[in-house]
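Just so we're clear, the structure is a prediction, and the values are computed from it rather than from any experiment.
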Amino acid sequence: MQFDDVMLGRRSIRGYKPDPVPRALIEEILAIAMRAPSSMNTQPWNFYVITGEPLDRIRAGNTERTLAGVPQSREFRTGQAFAGQHRDRQIGVAKQLFSAMGIARDDQEMRQDWVLRGFRQFDAPVCVIITYDKVLDGSDDTPFDCGAVATALVNAAWSRGLGTVINSQGIMQSPVVREHAGIADDQVIMKSIALGWPDDSFPANAVVSTRKTVDEAAVFVGFEE
């Protein structure tokens, strides 16, 4: 694929085939992703790549604790709830997804099942947990750098026919993730990425979220008209 094809064609994948993903292919994708820029080449990121029974245990633990009302325990700061135009965009993509899946506004059972898909890593065969070195906790550059490597990872995966979706639900119950992924004490859990072969029959996979225009997002200074 050409770079533009990857950037314009990539979308979040929320339904996967059960087929395994070869470790060698994941290693190749990670090697490419780690060419992402980082502040002064600090490279704060690490990856825990999970599949099989350990991933199944994480899915089960996340779901059981959530349904039991155990408060979320994300390790990276969560910030405030979205409001204004940001909330509008969040609602907009949710409406697209619910429409594609045929989930009615008043169908609480289906809506809850949709949310729980995130806690199950969208039933993908692989989950990549991105962590960063705890010694850098509080750095403004570190989350920026981890975002850069996550973006590079999802694009490298897409260029090889794999789908991904970056999510936080899969790490909401951090003790479960730490236990079954064997995450070292010197790491902070930041994000999770579901990864696998896209299931083209899954309706939500066809959803393409809208984007702001360049005119809406960019201010040009010093350019001649």
Side-chain angles (χ1 to χ4, degrees), residues 1-14 16 20-51 54-55 58 62 73-79 86 93 118-119 121-122 124-174 177-178 180-198 209 211-212 217:
M1 284 189 185
Q2 296 295 313
F3 179 77
D4 288 6
D5 296 330
V6 174
M7 293 299 295
L8 295 173
R10 191 211 62 82
R11 58 191 181 276
S12 293
I13 297 300
R14 296 174 173 87
Y16 295 87
V21 181
R23 174 173 171 168
L25 179 56
I26 299 172
E27 290 178 346
E28 178 181 311
I29 288 167
L30 290 176
I32 292 171
M34 287 190 291
R35 293 303 306 170
S38 65
S39 177
M40 293 169 282
N41 199 35
T42 50
Q43 303 178 61
W45 50 69
N46 288 293
F47 310 93
Y48 289 78
V49 186
I50 312 152
T51 192
L55 181 53
I58 290 174
N62 277 340
S73 52
R74 277 185 63 187
E75 297 183 1
F76 182 70
R77 57 185 181 268
T78 57
H86 304 104
V93 74
F119 288 90
Q121 299 291 352
F122 298 90
V126 177
C127 171
V128 181
I129 305 293
I130 296 180
T131 70
Y132 63 85
D133 299 331
K134 186 176 289 186
V135 69
L136 297 173
D137 209 11
S139 164
D140 290 333
D141 290 321
T142 295
F144 187 89
D145 297 341
C146 288
V149 81
T151 300
L153 191 160
V154 300
N155 285 326
W158 188 263
S159 74
R160 283 152 176 76
L162 287 162
T164 61
V165 59
I166 301 172
N167 71 94
S168 297
Q169 293 134 310
I171 54 170
M172 286 293 192
Q173 300 291 343
S174 60
V177 178
R178 276 196 173 275
H180 298 301
I183 295 176
D185 291 340
D186 64 357
Q187 296 297 299
V188 175
I189 299 172
M190 185 173 196
K191 276 289 185 185
S192 60
I193 301 177
L195 181 146
W197 305 105
S209 57
R211 290 292 188 269
K212 295 192 290 186

Working for side-chain contact (heavy atoms from CB on, under 4.5 Å), residues Val177 and Tyr48: CA-CA 10 Å; Val177 178; Tyr48 289 78; over 6 Å; no
Verdict with supporting geometry, Leu162 and Val126, side-chain contact (heavy atoms from CB on, under 4.5 Å): CA-CA 11 Å; Leu162 287 162; Val126 177; over 6 Å; no
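A distance-only check finds a donor-acceptor pair linking the side chain of Ser73 to the backbone of Met172 [under 3.5 Å]. One N or O on the side chain of Ser192 and one on the backbone of Asn167 form a donor-acceptor pair closer than 3.5 Å.
With rounding to the nearest 0.5 Å, the separation of CG in Asn46 from OH in Tyr132 is 12.5 Å. Remark: Ile166 CD1 to Ile193 CD1 distance equals 5.0 Å, nearest 0.5 Å. Taking CD1 from Ile26 and CG from Leu195, the interatomic distance works out to 6.0 Å, rounded to the nearest 0.5 Å. Atom OG1 in Thr142 sits 8.5 Å away from atom CE in Met190 (nearest 0.5 Å). Taking CD1 from Ile183 and CD1 from Ile50, the interatomic distance works out to 6.0 Å, rounded to the nearest 0.5 Å. Atom CD1 of Ile129 sits about 11.0 Å away from atom CZ of Arg178, to the nearest 0.5 Å.
For the residue pair Asn155 and Val6, the shortest heavy atom distance occurs at O-CG1, 3.5 Å. Contact record, Gly170 with Asn62: O-ND2, 3.0 Å, taken as the closest heavy-atom pair. What you find for Ala36 and Trp45 is that their closest heavy atoms are O-CH2, 3.5 Å. The two residues Ala156 and Ile29 come nearest to each other via the heavy atoms CB-CG2, 3.9 Å. The nearest pair of heavy atoms linking Glu75 to Gln187 is OE1-O, 4.1 Å. Of all non-hydrogen atoms in Ser159 and Met1, the two that sit nearest each other are CA-SD, 4.0 Å.
The side chain to side chain donor-acceptor pair (under 3.5 Å) check on Asp5 picks up nothing, with sequence neighbours excluded. Applying the side chain to side chain contact (heavy atoms under 4.5 Å, CB included) criterion to Ser12, with sequence neighbours excluded, gives Arg10, Arg14, Val165. Partners of Asp186 by side chain to side chain contact (heavy atoms under 4.5 Å, CB included), not counting sequence neighbours, listed by chain and number: Ala184. Gln169 is linked by a side chain to side chain donor-acceptor pair (under 3.5 Å) to nothing, counting only residues two or more places apart in sequence or in another chain.
Residue pairs meeting the salt bridge (Lys or Arg N to Asp or Glu O under 4.0 Å) criterion with at least one member in residues 144-157, sequence neighbours excluded, do not occur. Applying the salt bridge (Lys or Arg N to Asp or Glu O under 4.0 Å) rule to pairs touching residues 22-39 yields Arg23-Glu27, Glu28-Arg160, sequence neighbours excluded.
Looking only at side-chain heavy atoms (C-beta outward), Trp158 and Thr164 stay at 4.5 Å or farther from each other. Counting heavy atoms from C-beta outward, Thr42 and Asp141 have side chains that stay 4.5 Å or more apart. By the 4.5 Å heavy-atom criterion applied to side chains, Cys146 and Lys191 are not counted as neighbours. In this structure the side chain of Phe144 never reaches within 4.5 angstrom of the side chain of Ser39, judged on heavy atoms. Using a 4.5 Å cut-off on side-chain heavy atoms (C-beta onward), Ile171 and Phe76 make no contact.
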